[in-house]
Visitor: 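Quick one: the structure is below, questions incoming.
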Amino acid sequence: MRHVLPIAGPLDLELTLSCGQAFRWVRDGEAWTGVIGRSECRVSVAGERLAVTAAGGDPGSADLARYFRLEEDPAVHLEHAAELRGLPGLMPLLGLRLLRQDPWETLASFVCSAAANVRKISGCVEGMAAAWGVPIEGSPRRAFPGPDVLAGVSETALRRHGLGFRAPLLLATARRIAAGGWEWERLRRAPIEEARAALTDLPGVGPKIADCTLLFGLDRLDTYPVDRWIRRATLELAGRRHAKDEELERWSRRFGPGRGYLQQLLFHLRRTGGPLPALRSPRVRRVRAGAA
DNA sequence: TCCTCTCCTTGCTT
DNA sequence: AAAGCAAGGAGAG
C-alpha cells in the first residue's frame with residue numbers, strides 16, 4: 001500500500017528519525033524504513049509531500065499523518081519561546097518533528113535507555129521485537145510485543161537481548177501493566193503531575209523516563225525530560241551553576257505548552273554543538289547563596 | 001524527608 | 001589494555 005501525504009511546514013527525516021525519540025528506524029539511501037504498529041513502512045520526502053510504502057497491515061493515511069504529526073508546522077510549538085529564536089543553530093532544526101508513537105513501546109524503549117546510548121537502545125528494542133513480536137507479512141521485521149507478551153518471558157531471556165540490569169525492571173513493569181487496570185487514554189488527558197505519578201510508580205521508571213513516555217508516546221508536549229544533556233543545556237541557558245532537575249523543569253515552563261518540542265531541539269543542539277549562551281544578562285545573575 | 005553515593009549490563013571508544 | 005562513556009533508577013546510608 002502506498003500513500004502520498006501533504007506536509008504542513010518543514011520535515012527533516014534524518015533529524016526526526018535519528019534524534020533519539022524513536023529506535024526502530026534505519027536509513028535506506030534517501031528513504032527510511034521502520035515499524036509502525038503492525039506494519040513496516042518505508043518513507044521518503046518527495047517535494048512537499050511524504051511518500052510512504054507499507055508492508056503488512058496498512059496503517060492508513062490518517063494514522064500516518066498522525067504519527068508524523070503532518071498537520072502541524074513544528075514552529076507553532078515555539079510560539080511562547082520567542083527569546084530562543086535567536087539561539088544559534090536552532091531554526092535550522094525545525095524540520096525535526098515529534099512523532100506520536102505507541103505509548104507502551106515508548107515506555108519499554110526508554111526503560112532500556114538507562115545508562116545506555118541510542119545504538120544500544122535500538123538493539124534491545126529490535127531484539128525483543130525479533131524474539132516475541134507478531135510477524136509482518138512481506139517483511140523480515142516484527143511488531144513490538146505488547147506488555148502481555150513480555151510479561152510472559154523470563155528475565156534471563158530479556159538479558160539475552162542486552163537489557164542487563166534493566167531486564168527485571170522492564171519485566172516487572174510489563175507484568176504490572178498486563179495485570180490490568182492500566183489506562184493509557186486516561187494519562188493523555190490527566191493533570192501532568194498525576195500522569196507522572198502513575199508512570200513513576202512503575203519499576204524502572206523515574207522522572208526522566210516518565211516524561212519521555214508522556215512526550216513521545218502520549219502527545220504531552222507540556223513536559224521537559226531532563227537528562228544529562230538537557231541538564232547542561234538548561235543550566236547554561238539559565239545562567240546557573242547548579243540546580244536540581246526539578247528546578248530546571250520548572251524554569252523551562254516559561255517556554256510554554258510546547259516546551260517538550262524545544263527540549264528535543266536543545267537535546268540535539270547541545271549534543272552536536274557546544275555549550276549554549278545564557279539567556280539572561282550576567283548583570284542580573286543571582287549572587288551566590290550564602291555570600292555575606 | 002531529603003540528599004548523595006554506588007551499583008547495575010553491555011559494547012564501543014580512547 | 002584499562003578506563004571512559006552512553007536519553008537513569010533503585011537502594012543504602
Side-chain angles (χ1 to χ4, degrees), chain A residues 15-25 93 96-99 101-128 130-131 153-177 196-218 220-221 223-237 241-250 252 259-273 276 289-290:
Chain A
L15 267 175
T16 299
L17 300 175
S18 67
C19 71
Q21 62 173 322
F23 304 96
R24 300 200 67 187
W25 289 94
L93 301 181
L96 191 161
R97 280 165 185 265
L98 286 181
L99 302 172
Q101 303 180 71
D102 173 74
W104 161 248
E105 180 175 337
T106 305
L107 174 61
S109 300
F110 279 94
V111 166
C112 296
S113 76
N117 53 32
V118 173
R119 181 182 170 80
K120 167 141 186 129
I121 302 164
S122 293
C124 292
V125 172
E126 209 57 52
M128 288 189 282
V153 311
S154 71
E155 178 185 326
T156 308
L158 283 175
R159 284 179 182 270
R160 276 199 285 274
H161 296 287
L163 271 79
F165 64 89
R166 310 160 193 88
L169 301 173
L170 180 58
L171 183 56
T173 280
R175 286 178 174 163
R176 184 91 67 86
I177 292 175
R196 267 182 130 218
L199 287 165
T200 52
D201 191 49
L202 297 169
V205 184
K208 162 37 172 84
I209 290 174
D211 284 347
C212 284
T213 304
L214 287 163
L215 178 57
F216 303 129
L218 290 164
R220 296 298 294 260
L221 274 62
T223 56
Y224 191 82
V226 179
D227 76 315
R228 54 181 81 193
W229 295 99
I230 290 299
R231 190 174 303 126
R232 278 199 285 273
T234 311
L235 283 170
E236 288 160 5
L237 290 174
R241 291 291 299 269
H242 310 285
K244 290 179 291 188
D245 291 351
E246 186 186 348
E247 192 179 349
L248 296 174
E249 189 279 328
R250 278 200 303 276
S252 80
R259 60 188 176 279
Y261 178 66
L262 180 64
Q263 185 271 5
Q264 195 58 21
L265 297 188
L266 292 176
F267 176 75
H268 186 272
L269 200 58
R270 187 61 183 77
R271 221 163 58 133
T272 58
L276 272 39

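Order of the sequence lines fixes the chain letters, A, B, ..., with proteins taken first and strands second; residue numbering starts at 1 for each chain. All heavy atoms count here, side chains included; hydrogens, waters and symmetry mates do not.
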Visitor: Using the P atoms only, state how far B:dC7 lies from C:dA3, rounded to an integer number of Å.
Guide: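 The answer is 14 Å between these two P atoms.
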Visitor: Can you figure out which of C:dG8, C:dA7, B:dC12 approaches the side chain of A:Val118 most closely?
Guide: C:dA7
Visitor: On DNA chain C, compare the nucleotides closest to A:Arg228 and A:Thr200; which residue's is nearer the 5' end?
Guide: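 Looking at DNA chain C, the more 5' nearest nucleotide goes with A:Arg228.
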Visitor: Establish, with yes or no, whether the OP1 or OP2 oxygen of C:dC5 is under 4.0 angstrom from a side-chain nitrogen or oxygen of A:Lys120.
Guide: no
Visitor: At 4.0 Å (heavy atoms only), tell me whether A:Glu246 reaches a base, stays on the sugar-phosphate, or touches nothing.
Guide: nothing
Visitor: When you match A:Arg119 and A:Ala115 each to their closest nucleotide on DNA chain B, which lands nearer the 5' end?
Guide: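 Counting from the 5' end, the first nearest nucleotide belongs to A:Ala115.
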Visitor: Can the positive tip of A:Arg232 be found less than 6.0 Å from the middle of the six-membered ring of A:Trp229, inside 45° of the ring normal?
Guide: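 Yes, A:Arg232 lies over the aromatic ring of A:Trp229.
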Visitor: Quick check: on DNA chain C, is the nucleotide nearest A:Leu169 upstream (toward 5') of the one nearest A:Cys212, or the reverse? Name the residue that is more 5'.
Guide: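 Its nearest nucleotide being more 5', the pick is A:Cys212.
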Visitor: Taking all atoms of both residues into account, what is the closest heavy-atom pair of A:Ala210 and A:Arg196, and its distance?
Guide: CB-O, 4.3 Å
Visitor: Using a cut-off of 4.0 Å on non-hydrogen atoms, how would the nucleic acid contact of A:Val205 be classed: base, sugar-phosphate, or nothing?
Guide: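 Since only primed, P, OP1 and OP2 atoms lie under 4.0 Å of A:Val205, the category is sugar-phosphate.
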Visitor: Quick one: does A:Arg166 reach the base of B:dT9 with a side-chain donor-acceptor pair under 3.5 Å?
Guide: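 Indeed there is one.
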Visitor: In whole angstrom, what separates A:Leu199's CG from C:dG9's P?
Guide: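 Atom-to-atom, A:Leu199 to C:dG9, this comes out as 12 Å.
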Visitor: So, do A:Phe267 and C:dA7 meet the stacking rule of ring centres under 5.5 Å and planes under 30°?
Guide: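 According to the criterion (under 5.5 Å, under 30°), yes, A:Phe267 stacks.
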Visitor: Look only at the side chain of A:Gln21 and the backbone of A:Cys212, and say whether a donor-acceptor pair between them is shorter than 3.5 Å.
Guide: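 Not a single qualifying donor-acceptor pair exists.
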Visitor: Take atom P in B:dT6 and the same atom in C:dA7, then report the distance between them in whole Å.
Guide: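 Going atom to atom, P in each nucleotide, I get 22 Å.
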Visitor: Among the nucleotides C:dA7, C:dG9, B:dC12, which one has an atom lying closest to any side-chain atom of A:Pro207?
Guide: C:dG9
Visitor: Please examine the side chains of A:Arg259 and A:Ser252, heavy atoms only from C-beta on, and report whether any two atoms are closer than 4.5 Å.
Guide: yes
Visitor: Regarding A:Leu215, tell me which of base, sugar-phosphate or nothing describes its non-hydrogen contacts under 4.0 Å with the strands shown.
Guide: nothing
